[in-house]
**Q** 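Pasting a structure here, questions to come.
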Amino acid sequence: MSFRAAVLILGFRAAALAAESPGDAALSFVRGLAGEQGVVRLEQSALDGGTTEKRRGEIESRLKRLGRGIRPDELRVLEEKIDGELAAVLLAQVNVNDVASVQVHAIGLVRSEDRWRPAPVPASFDSTGLSFRPGLLQRARDLETWMLHARGRHWVRLKNDAFALLRDAMLKESDLDELHESTPEQVVADFLAALRARSLPGALALVGGLEHPLPPEWDDSLVAIKRAFTASGEPHREWRLLSAPDALREIVLSGVDDTDAVVSIVALDPAADWRERPSARVMHVSLNRAKGGSWRILLPQVLLDPVGRELGRVDERLDEVDAFDAELLTRFPEKLRERIPAACEATPRAAAEALLKAFREPGLESLIARLDLSGEAAPALATLHRAARIWQRCRRPDDAAMPVLLDVHEVGDDACVLVQMFSAKPPDKASLEAFFLRRGSAGWTTSPGLTRASGLGQSLQAEGIRGWLAAARKARERDWSVGLPTRLGGIAADSAPSEAEARRVVEEWRAAIVDGDVRGMLVRSACFDDHAGASRLLRNSGYELQARQRGEIIGCHRSGRWAAISMRVPPVPGDDSADAYPLHIVIASDEGPRVLSELDLFDPLTRGRDFLNRRVWERIAARLPDGARGELEAVFDKHRALAAADRAKGPPSSQ
């Protein structure tokens with residue numbers, strides 16, 4: 001590089017540094033502090049080199065606390081003031097949907113070596129060593145005074161501007177005339193709807209956000225509702241009761257006088273805590289009438305608190321809460337039935353399939369339609385709790401059970417359904433559940449007791465049901481999957497299904513995997529007719545059902561008794577592993593083409609996978625005549641070549 005070029009480059013760099021404004025430097029510094037992972041880089045600040053370690057630690061702690069409230073995308077420069085080699089900058093942090101979070105940050109800066117360096121302590125020039133530089137100390141104090149006054153002035157203006165925008169948003173959600181005419185019960189119902197829809201303006205309008213002047217408790221209500229919408233980590237239990245989309249809630253009572261009202265809500269939230277048996281809970285919401293005549297909600301203290309208190313547990317006996325709340329709880333099933341009509345089916349099997357499908361739904365509405373909530377209130381509430389517990393079991397994040405319909409036994413107007421609660425951990429262990437059905441004038445639905453002793457006790461044909469159930473349980477204990485996958489004694493030579501048949505059954509099999517439809521997967525599966533075959537099939541099914549990935553067919557192969565489908569299956573979201581390339585083997589059976597899923601062959605990328613493939617070859621040699629293994633090995637070689645070519649093209653997103 002020539003001397004002239006070097007001089008030019010150095011000149012450009014110096015000009016770039018000098019061109020950075022105090023506002024740019026302040027923005028960069030404060031954005032770098034943001035969040036729990038923010039980094040305090042005091043060496044980039046104007047910190048005096050003689051600052052003690054103790055003082056450095058105090059400054060770092062203060063900046064880290066500041067950083068936890070910083071939202072970088074909302075920061076902008078409001079105003080800057082320059083006095084020679086000193087400057088002061090005001091930064092605004094504004095979110096129009098969150099008036100309470102308006103902030104104005106003040107940063108002092110010192111120019112050193114043609115670069116603006118932020119003072120380490122916000123809103124001051126402390127610890128910068130300016131007191132040792134003649135003539136600068138008073139100028140620094142003048143800038144600190146300016147930051148103090150200008151910061152307060154801008155904060156008031158920004159908060160007013162943000163609230164004006166928020167009020168416009170509230171008016172779009174709530175009509176003032178309708179709000180004036182609403183009853184307390186309707187106001188609370190609208191509030192619950194706004195929470196469920198995650199409409200911050202809609203919720204704020206119902207706690208007095210449209211009143212002028214604003215109610216005394218406005219700031220606390222604003223902070224609490226905003227926190228409920230944005231909180232991460234452990235959920236606030238009471239806010240979940242009011243807002244969780246997978247919870248049930250009903251207004252069961254309202255009491256009103258001229259200026260005050262109380263509306264009582266019963267809610268059931270089985271997803272609040274997977275460790276806890278779900279039970280319905282009562283919450284009372286107070287309202288008062290504003291000067292303009294409309295009702296506004298007064299949030300109870302438990303909703304204003306940053307962390308919700310533990311609610312008292314309520315079990316099926318109803319004697320662990322006071323008598324008034326206990327009576328309100330018994331109204332819950334009737335209120336649910338008024339809103340969600342009962343659904344019946346023409347046959348007990350259709351009713352059983354609809355019930356199990358409801359257990360897999362993301363919310364509880366479909367399940368309520370399948371429950372008999374008639375009769376006395378306390379048993380109906382107990383049935384509701386049992387159903388919620390099973391729904392919870394089907395959705396546990398650590399080990400969700402998937403209900404599999406095994407048998408249906410009908411006796412007169414009663415029926416019993418035997419179900420395996422399939423778990424991938426371990427998949428071959430019997431975990432049997434019995435549900436009881438009843439035929440009414442409209443068709444089949446669940447009996448009032450639903451399951452276990454309560455359900456059997458409600459059966460009109462209890463003795464006949466009890467005997468069948470005992471025998472059915474015993475028959476399923478060792479191998480619960482009997483009757484679902486096809487059991488093979490052997491595979492006839494030259495019996496390979498057609499390519500169209502193989503593609504169709506694999507597509508249906510993988511669609512069942514994605515849907516968590518264990519029965520649909522198993523009835524399209526096959527294994528050899530020994531205990532090891534069923535165990536291997538269930539183990540492999542568990543792996544597939546944990547991942548729930550559909551995959552893509554990249555080829556089909558046929559040879560002798562085998563048809564096989566080459567697949568590319570991506571890893572689950574968040575897993576950076578490479579795509580997997582399984583070979584799904586399809587055989588012909590008396591029931592039609594089936595996926596021989598106890599044999600799980602993958603293009604091996606690891607020694608462990610190569611070892612597992614060798615076990616598959618040993619299994620084939622032990623169960624089938626000579627020549628069967630060679631036919632499949634030829635198919636597997638084609639699969640590996642196809643997988644290698646597909647892998648070389650890169651992931652689909654890069655093509």
Side-chain angles (χ1 to χ4, degrees), residues 69 71 73-74 76 92-104 154-231 236 238-245 247 249 251 254 256 259-263 265 283-306:
R71 296 189 295 273
D73 293 343
E74 297 175 9
R76 61 185 176 86
Q93 180 173 294
V94 181
N95 183 331
V96 295
N97 290 323
D98 184 8
V99 179
S101 73
V102 170
Q103 295 184 52
V104 178
H154 279 294
W155 183 83
V156 172
R157 178 182 61 80
L158 289 171
K159 191 165 185 178
N160 289 337
D161 290 348
F163 184 77
L165 294 173
L166 179 59
R167 180 181 171 84
D168 290 343
M170 286 189 278
L171 285 170
K172 291 179 181 178
E173 298 289 335
S174 294
D175 182 276
L176 284 173
D177 292 335
E178 291 181 2
L179 189 59
H180 184 77
E181 296 173 1
S182 288
T183 64
E185 189 167 324
Q186 184 59 53
V187 169
V188 172
D190 291 344
F191 185 66
L192 295 176
L195 293 179
R196 184 161 183 169
R198 301 195 64 78
S199 169
L200 179 62
L204 292 175
L206 299 168
V207 295
L210 293 174
E211 296 176 23
H212 183 75
L214 292 168
E217 68 279 3
W218 166 253
D219 285 343
D220 290 339
S221 299
L222 173 61
V223 170
I225 295 174
K226 177 259 179 183
R227 184 170 53 231
F229 278 35
T230 60
H236 190 298
E238 291 77 12
W239 275 113
R240 271 199 59 93
L241 282 178
L242 298 183
S243 62
R249 56 190 68 84
I251 294 173
S254 60
V256 185
T259 59
D260 298 286
V262 176
V263 175
I265 302 165
M283 182 174 289
H284 304 287
V285 178
S286 298
L287 302 92
N288 66 10
R289 196 186 293 275
K291 292 181 179 179
S294 60
W295 291 97
R296 68 162 174 264
I297 290 172
L298 300 174
L299 296 181
Q301 186 60 45
V302 71
L303 294 179
L304 296 175
D305 290 342

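Numbering of residues begins at 1 and proceeds along the displayed sequence. Since we're looking at a predicted model, the values are computed, not measured.
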**Q** What distance do Phe191 atom CZ and Leu206 atom CG have between them, rounded to the nearest 0.5 Å?
**A**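 Reported value, rounded in 0.5 Å steps: 7.0 Å.
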
**Q** Please give me the minimum heavy-atom distance between Ser254 and Glu185, naming the atom from each residue.
**A**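 For Ser254 and Glu185, the tightest heavy-atom pair comes out as OG-OE1, 3.2 Å.
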
**Q** What is the minimum heavy-atom distance between Val187 and Ser182, and which atoms define it?
**A**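 So the two residues come closest at CG2-CB, 3.8 Å.
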
**Q** Provide the closest heavy-atom pair for Val262 versus His284 in the form atom of the first, atom of the second, distance.
**A**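 Reported closest heavy-atom pair: CG1-CB, 4.1 Å.
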
**Q** Quick check for you: to the nearest 0.5 Å, what is the distance between Leu200 atom CG and Leu166 atom CG?
**A**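 It is 6.5 Å, given to the nearest 0.5 Å.
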
**Q** Do any N or O atoms from the side chain of Arg289 and from the backbone of Ala261 form a donor-acceptor pair under 3.5 angstrom?
**A**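 No, because the side chain of Arg289 does not come within donor-acceptor range (under 3.5 Å) of the backbone of Ala261.
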
**Q** Write down the atom of Ala92, the atom of Leu158, and the distance for their closest heavy-atom approach.
**A**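 Closest heavy-atom pair between Ala92 and Leu158: CB-CD1, 3.7 Å.
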
**Q** Checking Glu74 now: which residues fulfil side-chain hydrogen bond (donor to acceptor under 3.5 Å, both in side chains) with it, not counting sequence neighbours?
**A**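 Result, side-chain hydrogen bond (donor to acceptor under 3.5 Å, both in side chains) vs Glu74: Arg71, Asn95.
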
**Q** Checking side chain to side chain contact (heavy atoms under 4.5 Å, CB included) against Leu299, which of Asp220, Ile225, Val285 comes through?
**A**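 That would be Ile225.
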
**Q** For Trp155 and Val102, indicate whether the former's side chain and the latter's backbone hold a donor-acceptor pair under 3.5 Å.
**A**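 Yes.
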
**Q** Between Leu303 and Leu242, is any pair of side-chain heavy atoms under 4.5 Å apart?
**A**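 Contact flag for Leu303/Leu242 side chains = yes.
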
**Q** For the residue pair Trp295 and Val256, what are the closest heavy atoms and their distance?
**A**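 Reported closest heavy-atom pair: CZ2-CG1, 3.8 Å.
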
**Q** With rounding to the nearest 0.5 Å, note down the distance linking CD in Glu238 to CD in Gln301.
**A**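 Spacing of CD (Glu238) from CD (Gln301) equals 11.5 Å.
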
**Q** Considering residues at least two apart in sequence or located in another chain, which fulfil the side-chain hydrogen bond (donor to acceptor under 3.5 Å, both in side chains) criterion with Glu178?
**A**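 Partners of Glu178 under the side-chain hydrogen bond (donor to acceptor under 3.5 Å, both in side chains) test: none.
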
**Q** Kindly say whether Ala194 contributes a backbone atom to a donor-acceptor pair with the side chain of Glu173 at under 3.5 angstrom?
**A**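 Not at all, since once roles are kept as given, no pair shorter than 3.5 Å links the two residues.
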
**Q** Does His180 reach the main-chain N or O of Gly292 with its side chain, forming a donor-acceptor pair under 3.5 Å?
**A**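 Between the backbone of Gly292 and the side chain of His180 there is a qualifying donor-acceptor contact (under 3.5 Å).
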
**Q** Rounded at 0.5 Å granularity, tell me how far CG in Leu298 sits from OG in Ser286.
**A**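 One gets 6.0 Å once the value is rounded to the nearest 0.5 Å.
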
**Q** How long is the straight-line distance from CG of Leu171 back to CG of Leu179, given to the nearest 0.5 Å?
**A**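 Output value for this atom pair is 10.0 Å.
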
**Q** Nearest heavy-atom pair of Leu214 and Phe163: which atoms, and what distance?
**A**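 Shortest heavy-atom separation between Leu214 and Phe163 comes out as CD2-CZ, 3.7 Å.
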
**Q** Got a sec, which residues hit side-chain hydrogen bond (donor to acceptor under 3.5 Å, both in side chains) with Arg296, two or more places apart in sequence or on another chain?
**A**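 Arg296: side-chain hydrogen bond (donor to acceptor under 3.5 Å, both in side chains) contacts with Glu211, Glu217, Asn288.
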
**Q** Do Leu192 and Ile265 have side chains that approach each other closer than 4.5 Å (heavy atoms only, starting at C-beta)?
**A**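 They are in contact (side-chain heavy atoms under 4.5 Å apart), so the answer is yes.
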
**Q** Rounded to the nearest 0.5 Å, what's the gap from CG on Leu304 to CZ on Arg227? Could you check?
**A**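 It comes to 8.0 Å.
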
